[in-house]
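The structure's right below; bear with me while I get my questions together.
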Amino acid sequence: MLHISDIRENKEQIINLLQIKNFEAKELINSVISKDDLRKKTQQKSDEVLTKSNQLAKEIGVLYKTGKQAEANLLKNQSAELKQKSKELNSCKAELEQEIKNILLLIPNVPHPSVLKGNADIDNEIINEVGEMPILNDDAKPHWELTEDYDLVDFKLGNKITGAGFPVYKGKGARLQRALITYFLDKNISSGYTEYMPPLLVNEASAYGTGALPDKEGQMYYMPEDNLYLIPTAEVPVTNLFRDVIVKDFPIKCTAYTPCFRREAGSYGKDVRGLNRLHQFDKVEIVQIEHPENSYKTLEEMVEHISSILNELELPYRVLRLCGGDLSFTSALTYDFEVYSAAQEKWLEVSSVSNFESFQSNRLKLRYKDENGKSKLCHTLNGSALALPRVLAALLENNQNNDGIKMPEILHPYLGFDIIS
RNA sequence: GGUGAGGUGGCCGAGUGGCUUAAGGCGCACGCUUGGAAAGCGUGUAAACGGGAAACUGUUUCGGGGGUUCGAAUCCCUUCCUCACCGCCA
């Protein structure tokens with residue numbers, strides 16, 4: 001959520017920048033500002049009334065104590081009038097505040113000025129392409145066949161015990177999963193991130209805090225009896241650790257492994273075959289909380305960090321800088337990482353790294369004190385490092401040969417084997 | 001699931017209708033003191049939203065919402081949360 005004072009100060013700039021996201025904000029912004037003007041006036045009036053009323057109450061107290069009941073009763077009438085007025089003003093103000101908030105919730109985050117306009121994913125800018133695409137044999141198989149041949153992931157069993165999109169990892173498949181998680185965490189920790197193991201269910205306040213609600217309500221699994229949501233990403237619990245916090249030392253760097261749960265309604269076909277898209281998947285996430293001055297430098301640093309993981313995994317990948325049309329509602333600047341899955345001949349997104357600037361921290365009330373002692377909003381950033389299933393898919397497809405599936409060297413100590421055969 | 005006790009500032013904690021402008025303590029910051037430090041002494045120490053160039057100042061906030069009252073941290077209703085004991089349980 002944007003901050004109303006930011007909107008007031010940088011109105012024209014915000015309207016212009018939002019056009020990069022193909023969002024026409026002029027009307028909403030004009031209306032939110034005029035409502036805010038009215039809100040201020042209403043508060044002024046309300047403050048005046050309350051000041052008088054407070055004074056009266058004190059005078060009445062004094063009169064009672066000195067035994068002047070009659071005079072006190074006179075003042076009581078006045079006080080009742082003021083009370084009526086203040087009630088009206090108050091409800092008017094509350095209504096305005098709600099209207100303002102409702103409008104603010106509709107306005108997406110302002111993109112960074114460097115973001116290119118564009119309509120969809122084909123307009124994203126490829127800023128780096130690393131590694132060579134493997135040349136596979138003619139009989140190379142997609143990962144959903146490999147996982148069956150080598151008994152690594154059992155989709156049918158998952159169907160039986162839960163449903164589609166809930167695979168069962170098995171044998172070396174399960175070990176590979178666990179090896180990847182541990183390797184990712186170790187790698188993140190060695191870059192200064194602190195590991196967390198957060199709850200997998202969050203309350204409503206947390207879901208609002210990171211913007212999972214109200215925008216993405218249908219995406220989350222919900223437990224109505226307890227009013228809790230299954231997390232769609234570790235970003236939600238981890239970022240909310242810092243809800244209502246005033247930060248003293250920057251940066252705060254967190255990493256967490258969690259399963260992620262997504263309902264993902266309405267997508268079928270080969271895009272969702274095998275491990276490409278699941279209702280439950282594993283992910284290691286990195287989150288940083290930064291001073292606004294440093295957040296873009298930190299974003300670059302996170303991109304470097306994720307690149308180095310993919311280098312070590314020896315997977316061909318490319319880095320995309322998302323265009324305005326493809327940027328999420330909450331993001332100001334996002335880089336996507338895609339690995340090449342050679343048998344599917346497809347690029348698969350395995351990480352998305354974003355700077356949310358103060359869009360999340362405004363809702364989270366995540367602040368720091370500036371040099372004048374004033375509260376300011378922090379910047380929040382996060383990214384996957386990494387999402388597991390598609391990494392697994394690419395590892396299996398790209399490294400298959402007649403002897404089996406060779407594992408990258410970096411994973412050997414974690415795996416306890418170097419080939420799946 | 002049952003029963004009970006609670007939710008007050010960064011933290012602890014007092015507070016049963018106006019002498020609360022939330023006592024007192026801890027912590028923190030600054031100053032005095034010191035060769036330096038500790039102790040001691042003094043001063044200051046929340047947030048949000050307004051007004052003001054600023055100094056300063058108004059309002060709200062004692063878990064949330066509602067009510068009684070001229071006046072509520074304090075009384076009433078409601079809701080959420082936490083803790084303790086019992087039961088069940090990895």
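Just so we're on the same page: letters track the sequence lines, and every chain starts at 1.
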Could you check whether A:S46 gets within reach of a base, just the sugar-phosphate, or nothing at all, counting any heavy atom under 4.0 Å? nothing

Does B:rA48 have OP1 or OP2 under 4.0 Å away from a side-chain N or O of A:S375? yes

Using atom C1' of each nucleotide, how far apart are B:rA39 and B:rG50 to the nearest Å? 45 Å

Find which nucleotide of RNA chain B each of A:E97 and A:A57 is nearest to by heavy atoms, and output the residue with the more 5' nucleotide. A:A57

Examine the side chains of A:S358 and A:S361 and answer whether a donor and an acceptor come within less than 3.5 Å of each other. no

Do the side-chain N or O atoms of A:H3 get closer than 4.0 angstrom to the phosphate oxygens (OP1, OP2) of B:rA48? no

Taking B:rA90 as the reference, what is the distance to B:rU3 when you measure between their C1' atoms (whole Å, please)? 25 Å

Row check, A:Y340 ring normal vs A:K346 NZ/CZ: under 6.0 Å, within 45°: no

If you look at every strand shown and take non-hydrogen atoms under 4.0 Å, does A:L56 touch a base, only sugar-phosphate, or nothing? nothing

Proximity to the side chain of A:R367 - top-ranked nucleotide from B:rA48, B:rC70, B:rU60: B:rA48

Please confirm whether the shortest side-chain N or O distance from A:N54 to OP1 or OP2 of B:rU59 is below 4.0 Å. yes

Students often get this wrong, so: under 4.0 angstrom with heavy atoms, is A:K83 touching a base, only sugar-phosphate, or nothing? base

Taking the six-membered ring for Trp, are the ring centroids of A:Y296 and A:H112 within less than 6.0 Å of each other? yes

Which part of the nucleic acid, if any, lies within reach of A:Q43 when heavy atoms closer than 4.0 Å are counted: base, sugar-phosphate only, or nothing? base

Quick one: is B:rG50 close enough that its OP1 or OP2 comes under 4.0 Å of any side-chain N or O from A:R39? yes

Assert yes or no for the condition that the ring centre distance of A:F359 to A:H3 is strictly below 6.0 Å. no

From C-beta outward on A:D47, which listed nucleotide comes closest to its side chain: B:rC70, B:rG50, B:rG58? B:rG58

